[in-house]
Amino acid sequence: MKRILVTGGAGFVGSHLCERLLNDGHEVICMDNYFTGRKSKILHLMDNPYFELIRHDVTMPYFIEVDEIYNLACPASPVHYQHNPIKTIKTSVLGAINMLGLAKRVGAKILQASTSEVYGDPELHPQPEHYWGHVNPIGIRSCYDEGKRCAESLFVNYHESNGVDVKIIRIFNTYGPKMEPDDGRVVSNFIMQALHGEDITIFGDGKQTRSFQYVSDLVEGMIQMMNTEDGFIGPVNIGNPVEFTMLELAENVIKLTKSKSKIIHLPLPADDPTQRQPDISLAFEKLNGWSPKIELKNGLVDTITYFDQLIKNEIQV
Ligand code: NAD
Ligand code: UDP
């Protein structure tokens, strides 16, 4: 049994990760400031004596004896991370410094939830880890993109200079149950709109692509990466390489929900990446043959069921 700290543990991905780590027999400390997370996502874990919940902001130092740290604290939806861009940068950068300092002090292994956004609007397709990216350093997405890029630099430098055992994963668009219905990301937006019979809002012409990963595939990849033993620190892409346009996603959602919603087009936000697809050959090689298992259609069905139950008040977020 390991004692594991999950920052951002009350968020979408973090709540799934906490549950999986507890099921694997570990002690889990979930730290969150509830900016985009909620207690209700982890309420079902509260009775477990090996689960602890701490309200804390990762931009402030925190001291605890742990074996491993998964650093997830950071809003991930463009709507949320652009709400207070300076806070987003502080969360990524000061959060990384605080958690790396903690890892150094207690000798913990630490994994950073980085992002495909470090590739910006990529000119190389699909994106391998050696691609340096194409990021606008002063655009509306820069608080997130550059914050995460700086965090990667901090992770590598704490490893090089201080011998901290670090792991960096670059997560590509992930979806699933426990996303917030008003999160602003495309999968939750389209499903909620379809279930309510409202217009499906495609930004731009809808020809931009994303590659959608179901949350259980991500959690498996995170754990595999944390457990690598051969000094491999990454960064490594964790995503589903099957690529869709936003038009295709909307059509899939309409079909699966049997919705009468119509597609409408709204202006494309600035710096919205035109294409995104992970090259996952490194993950396959280094993470025991890891590759995503859940096809978009199956993952969407589960996610639609979740949002449908939320709307009918059969479950809480
Ligand atoms: P989320 O917004 O649901 O979860 C983030 C969690 O971090 C929330 O619980 C939030 O309250 C918490 N948080 C935010 N700022 C904090 C702070 N200062 N101190 C403590 N807690 C704080 O997002 P998510 O989709 O679960 O993403 C989790 C992590 O994975 C993030 O770091 C994100 O950048 C990364 N990621 C996610 C995706 C994706 O598609 N879901 C893609 C790439 C990277
Ligand atoms: N998008 C859209 N309609 C929406 C929300 C998002 O067409 O209601 C588009 C958005 O412009 C982007 C893609 O869907 O091209 C993915 O957006 P999301 O915010 O989910 O993630 P990110 O842009 O960070 O990959």
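Both counts, for ligands and for their atoms, begin at 1 and track the order of listing.
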Visitor: Using a 4.0 Å heavy-atom cut-off, say whether Arg185 meets ligand 1 through its side chain, its backbone, both or neither.
Guide: side chain

Visitor: Would you kindly confirm whether Val106 and Leu5 end up in one hydrophobic cluster when ILVMFWY residues are joined by side chain heavy atoms under 4.5 Å apart?
Guide: yes

Visitor: When hydrophobic residues are tied together by side-chain contacts of less than 4.5 Å, even through go-betweens, does Ile4 share a cluster with Met99?
Guide: no

Visitor: How far is atom 5 (C) of ligand 2 from its nearest protein heavy atom, and which residue and atom is that?
Guide: Phe203 CE1, 3.4 Å

Visitor: Distance to 0.1 Å, residue and atom name: give those for the protein heavy atom nearest to atom 3 (N) of ligand 2.
Guide: Thr201 O, 2.6 Å

Visitor: What do you reckon, does Lys41 put a non-hydrogen atom under 4.0 Å from ligand 1?
Guide: no

Visitor: Write out the residue and atom name of the closest protein heavy atom to atom 37 (C) of ligand 1, then the distance separating them to 0.1 Å.
Guide: Ala76 CB, 4.0 Å

Visitor: Would you say Gly37 has any N or O atom under 3.5 Å from an N or O of ligand 1, going by distance alone?
Guide: yes

Visitor: Apply side chain to side chain contact (heavy atoms under 4.5 Å, CB included) to Leu195 and Ile304, showing your working.
Guide: CA-CA 8 Å; Leu195 290 174; Ile304 289 166; 4.2 Å; yes

Visitor: Quick one: which of Ile238, Leu72, Val187, Ile171 has a heavy atom closest to atom 43 (C) of ligand 1?
Guide: Ile171

Visitor: I'd like to check which ligand 2 atoms, numbered from 1 as shown, lie under 4.0 Å from a non-hydrogen atom of Ile202.
Guide: 7 (O)

Visitor: So Gln193 and Ser261, side chain to side chain donor-acceptor pair (under 3.5 Å) or not? Walk me through it.
Guide: CA-CA 7 Å; Gln193 289 162 346; Ser261 292; over 6 Å; no

Visitor: Which ligand 1 atoms, with their elements, are less than 4.0 angstrom from a heavy-atom of Tyr34?
Guide: 11 (O)

Visitor: Nearest protein heavy-atom contact for atom 40 (O) of ligand 1: which residue, which atom, what distance?
Guide: Thr174 N, 2.8 Å

Visitor: Less than 3.5 Å between some nitrogen or oxygen of Gln193 and one of ligand 2, yes or no?
Guide: no

Visitor: Judged by atom type as modelled, is there a donor-acceptor pair below 3.5 Å linking the side chain of Gln213 to the main-chain atoms of Ile238?
Guide: yes

Visitor: Taking atom OG1 of Thr303 and atom CD1 of Ile294, what is their separation to the nearest 0.5 Å?
Guide: 10.0 Å

Visitor: Does Phe190 reach ligand 2 with a nitrogen or oxygen that is under 3.5 Å from one of the ligand's nitrogen or oxygen atoms?
Guide: no

Visitor: Any side-chain to backbone donor/acceptor pair from Glu243 onto Ser211? Under 3.5 Å, distance only.
Guide: no

Visitor: Are Val215 and Val242 co-members of a hydrophobic cluster defined by side-chain heavy atoms under 4.5 Å apart?
Guide: yes

Visitor: Can you list the atoms of ligand 2 that are under 4.0 Å from a heavy atom of Gln208?
Guide: 9 (C), 11 (O), 15 (O)

Visitor: Can you tell me which residue and heavy atom of the protein come closest to atom 22 (P) of ligand 2, and the distance to 0.1 Å?
Guide: Arg141 NH2, 3.3 Å

Visitor: From the options Cys74, Ser15, Gly8, select the one whose nearest heavy atom is closest to atom 5 (C) of ligand 1.
Guide: Cys74

Visitor: Does Asp271 offer a backbone N or O that forms a donor-acceptor pair with the side chain of Asp121 under 3.5 Å?
Guide: no

Visitor: Any heavy atom of His56 closer to ligand 1 than 4.0 angstrom?
Guide: yes

Visitor: Indicate yes or no: does an N/O atom of Thr91 lie under 3.5 Å from an N/O atom of ligand 1?
Guide: yes

Visitor: When Tyr119 is tested against each of His125, His134, Gln127, Arg170 for side chain to side chain donor-acceptor pair (under 3.5 Å), which residue passes?
Guide: Arg170

Visitor: Tell me the protein heavy atom at minimum distance from atom 4 (O) of ligand 1, and give that distance in Å.
Guide: Gly11 CA, 3.6 Å

Visitor: When you measure from atom 26 (O) of ligand 1 to every protein heavy atom, which one gives the shortest distance, and what is it?
Guide: Val13 N, 2.8 Å

Visitor: Using 4.0 Å as the upper bound for N to carboxylate O, is an ion pair formed by Glu146 and Arg149?
Guide: yes

Visitor: Using a strict cut-off of 4.0 Å, indicate which atoms of ligand 2 neighbour a heavy atom of Arg276.
Guide: 22 (P), 25 (O)

Visitor: For atom 8 (C) of ligand 1, what's the nearest protein heavy atom and its distance?
Guide: Thr36 OG1, 3.2 Å

Visitor: Salt bridge between Lys178 and Asp183, side-chain N to carboxylate O under 4.0 Å?
Guide: no

Visitor: Is the closest N or O pair between Val186 and ligand 2 shorter than 3.5 Å?
Guide: yes

Visitor: Kindly work out whether a path of hydrophobic side-chain contacts (I/L/V/M/F/W/Y, heavy atoms less than 4.5 Å apart) joins Tyr50 to Leu43.
Guide: yes

Visitor: Can you tell me which portion of Asp272 lies within the under-4.0 Å heavy-atom range of ligand 2? Options are side chain, backbone, both, or neither.
Guide: side chain

Visitor: Where is the nearest protein heavy atom to atom 3 (O) of ligand 1: which residue, which atom, and how far?
Guide: Phe12 N, 2.9 Å

Visitor: So if I count the atoms of ligand 2 from 1 in the order they appear, which ones are less than 4.0 Å from some heavy atom of Glu117?
Guide: 24 (O)

Visitor: For ligand 2, is there an atom lying under 4.0 Å from some heavy atom of Pro78?
Guide: yes

Visitor: Consider every N or O of Arg185 and every N or O of ligand 2, then say whether any pair is closer than 3.5 Å.
Guide: no

Visitor: Are any of the side-chain heavy atoms of Glu68 and Asn227 separated by less than 4.5 Å?
Guide: yes

Visitor: For Asp57 and ligand 1, does the shortest N/O to N/O distance drop below 3.5 Å?
Guide: yes

Visitor: Below 3.5 Å, N or O to N or O, backbone or side chain included: is there any such pair between Pro75 and ligand 1?
Guide: no

Visitor: Could you identify the single nearest non-hydrogen protein atom to atom 16 (C) of ligand 1 and state the distance to 0.1 Å?
Guide: Asn33 OD1, 3.2 Å

Visitor: I need the atoms of ligand 2 closer than 4.0 Å to a non-hydrogen atom of Asn189, numbered in the order shown.
Guide: 4 (C), 5 (C), 8 (O)

Visitor: For the backbone of Phe172 and the side chain of Arg276, can you confirm whether one donor and one acceptor N or O come within less than 3.5 Å of each other?
Guide: no

Visitor: Nearest to atom 19 (N) of ligand 1, what protein heavy atom do you find, and at what distance?
Guide: Val58 N, 2.9 Å

Visitor: Can you tell me which portion of His265 lies within the under-4.0 Å heavy-atom range of ligand 2? Options are side chain, backbone, both, or neither.
Guide: neither

Visitor: Give the contacting part of Ser114 toward ligand 1: side chain, backbone, both or neither, where contact means a heavy-atom distance below 4.0 Å.
Guide: backbone

Visitor: Check for me whether the distance between the ring centres of Phe155 and His159 falls short of 6.0 Å.
Guide: no

Visitor: Could you find the nearest protein heavy atom to atom 13 (C) of ligand 2 and give me its residue, atom name and distance?
Guide: Met246 SD, 3.7 Å

Visitor: Quick check on Met31 - does any of its heavy atoms sit under 4.0 Å from an atom of ligand 1?
Guide: no

Visitor: Is it the side chain (CB and beyond), the backbone, both or neither of Asn173 that lies under 4.0 Å from ligand 2, heavy atoms counted?
Guide: side chain

Visitor: Check if Asp32 has a non-hydrogen atom at a distance under 4.0 Å from any atom of ligand 1.
Guide: yes

Visitor: Take Gln82 and His80 through the side chain to side chain donor-acceptor pair (under 3.5 Å) test and state the conclusion after the steps.
Guide: CA-CA 5 Å; Gln82 287 165 23; His80 291 140; over 6 Å; no

Visitor: Check for me whether Tyr144 has a heavy atom closer than 4.0 Å to any atom of ligand 1.
Guide: yes

Visitor: Please report the C-alpha distance between Lys167 and Thr228 in whole Å, then the side-chain angles of each, then the deciding distance to 0.1 Å, and finally whether the side chain to side chain donor-acceptor pair (under 3.5 Å) criterion is met.
Guide: CA-CA 9 Å; Lys167 310 277 175 191; Thr228 48; 2.8 Å; yes

Visitor: Would you mind listing which atoms of ligand 1 come within a distance below 4.0 Å of any non-hydrogen atom of Lys148?
Guide: 31 (C), 32 (O), 33 (C), 34 (O)

